Amino acid sequence: SGDITGEYDSSGRSTGFLYSGGTLTSFLFSAGGQGSGFGINDYGEVVGYAEVFDANSSPQYFDDAFTETGGVMNVQSLFFWAAAFTGINDAGQIVGVNTSGQAFLDTNGQITLLGAGSFFNNVEGPRINSSGQVTVTLVTGTSRTAYLYDSGVLIPIGASGNSQVFGINDLGQAVGASGGDAFVYSAGVLTDLNSVIDPSLGIHLGFAFGINDSGQIVAGNYLLTPISAGATPEPSTIVLMVLGCGCLSIPRLRRLAPA
């Protein structure tokens, strides 16, 4: 729908916002508080975190999760303090992180922890698609490992201890970084995005941050757009756009086929 959520800096504090129909609406948090929108679905429902003020608590400010629909904000304590909602799909399923650092999936109020016991303590940025597939990065000390949660099963993707996942589309294709290289994960296959780029270009893609259902990928400062070859068999082309800096058409790149 073209709506955007996120945050901007206001006097040194983060202010969450919704941009819709050409209008920027700032979220109102408690006095002196701050927050951010982390996810939005096609119905304009926003999720994120809010710094909440409570004069009777110590500390008086603490992080909590929120939903925002139609201008109405609902701040929700989940598993005590410091919760954040990080994604929502059109079915209303929500993913986030609780106060213990555990990733969770909320399906109509039924909470599923993504990992047994303390396995998934300390995670980064769970994301969810329309099918309820979730991507999440497990953090252990300074090491990170990317996972896909699908139908109750946790699937490691990328290098163990040296991978992160940042986005997933509705086809179940996920993108991130593994061993210092940007990747796309599709139908059980992990592809180094650098392997589909002509090495003579001298470009190295270290991170991929997002992918849409058309297979377009944001990797580093580039937008990769797969283009199907014509009827006559010939190499496919990916248009590699330098974000904010122009565009290059690069031959000899394989098409990233949908799952």
Side-chain angles (χ1 to χ4, degrees), residues 4 6 38-39 86-87 89 95 103 123-131 133-140 142-150 153-230 233-259:
I4 301 171
F38 286 151
T86 57
N89 64 16
V95 289
V123 299
E124 291 178 342
R127 295 290 184 263
I128 188 169
N129 67 9
S130 62
S131 301
Q133 295 172 306
V134 179
T135 55
V136 65
T137 300
L138 166 65
V139 182
T140 305
T142 59
S143 69
R144 289 167 168 79
T145 302
Y147 285 85
L148 171 67
Y149 179 83
D150 187 12
V153 179
L154 282 167
I155 305 167
I157 55 177
S160 178
N162 191 16
S163 58
Q164 294 171 271
V165 60
F166 298 112
I168 185 170
N169 65 13
D170 286 341
L171 302 175
Q173 298 169 315
V175 293
S178 177
D181 299 313
F183 73 77
V184 58
Y185 177 87
S186 179
V189 178
L190 190 81
T191 300
D192 181 351
L193 289 174
N194 294 287
S195 71
V196 300
I197 295 176
D198 188 338
S200 68
L201 295 169
I203 295 173
H204 178 262
L205 302 174
F207 295 87
F209 297 107
I211 181 170
N212 65 16
D213 293 344
S214 298
Q216 291 178 303
I217 298 172
V218 175
N221 295 325
Y222 301 96
L223 174 64
L224 282 66
T225 301
I227 301 174
S228 297
E234 60 183 11
S236 300
T237 299
I238 286 181
V239 174
L240 182 65
M241 177 178 289
V242 183
L243 298 180
C245 303
C247 182
L248 296 173
S249 181
I250 300 177
R252 296 178 53 216
L253 305 186
R254 298 198 306 271
R255 174 173 169 76
L256 302 177

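As the structure is a computational prediction, the values presented were derived from the model and not from experiment.
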S.K.: Under the side chain to side chain donor-acceptor pair (under 3.5 Å) test, which residues partner Ser130, sequence neighbours left out?
M.R.: Asp170
S.K.: Using the rule given for side chain to side chain contact (heavy atoms under 4.5 Å, CB included), can you reason through Ile203 versus Tyr222, listing the C-alpha separation, both sets of side-chain angles and the distance that settles it, and then say yes or no?
M.R.: CA-CA 10 Å; Ile203 295 173; Tyr222 301 96; 3.9 Å; yes
S.K.: With a 3.5 Å distance limit and no angle check, can you tell me whether Thr86 reaches the backbone of Arg127 through a side-chain donor-acceptor pair?
M.R.: no
S.K.: Under the side chain to side chain donor-acceptor pair (under 3.5 Å) test, which residues partner Gln216, sequence neighbours left out?
M.R.: Asn212, Thr225
S.K.: Mind jotting down which residue pairs meet the ring pair (Phe, Tyr, Trp, His ring centres under 6.0 Å) criterion with at least one end in residues 162-181? Sequence neighbours excluded, please.
M.R.: Phe166-Phe209
S.K.: Starting at CD1 of Ile157, measure out to OH of Tyr147 and round the result to the nearest 0.5 Å.
M.R.: 10.5 Å
S.K.: To the nearest 0.5 Å, what is the distance between OG (Ser163) and CZ (Phe183)?
M.R.: 6.5 Å
S.K.: Less than 4.5 Å apart, any side-chain heavy atom of Val95 and any of Val136?
M.R.: no
S.K.: For Phe38, enumerate each residue passing the ring pair (Phe, Tyr, Trp, His ring centres under 6.0 Å) test, keeping only those at least two apart in sequence or located in another chain.
M.R.: Tyr49
S.K.: Once rounded to the nearest 0.5 Å, what's the spacing between atom CG of Asp150 and atom OG1 of Thr135?
M.R.: 11.5 Å
S.K.: First locate atom CG of Asn169, then atom CG of Asp213, and finally report the distance between them rounded to the nearest 0.5 Å.
M.R.: 5.0 Å
S.K.: Going by the rule side-chain contact (heavy atoms from CB on, under 4.5 Å), which residues pair with Ala208 if we only count those two or more places apart in sequence or in a different chain?
M.R.: Val175, Ala182, Leu193, Ile217, Ala219
S.K.: Any idea which heavy atoms bring Ala177 and Gly206 closest together, and the distance?
M.R.: CB-O, 3.3 Å
S.K.: Work out which heavy atom in Gln133 is nearest to a heavy atom in Gly172; give both atom names and the distance.
M.R.: OE1-CA, 3.2 Å
S.K.: Enter the distance from Gln164:CD to Glu124:CD here, rounded to the nearest 0.5 Å.
M.R.: 5.5 Å
S.K.: I need the Asp181 CG to Leu190 CG distance, nearest 0.5 Å.
M.R.: 9.5 Å
S.K.: Give the minimum heavy-atom separation between Ala159 and Ser178, together with the two atoms involved.
M.R.: N-OG, 2.8 Å
S.K.: Kindly give the heavy-atom pair with the smallest separation between Ile168 and Ile128, and that separation in Å.
M.R.: CG2-C, 4.2 Å
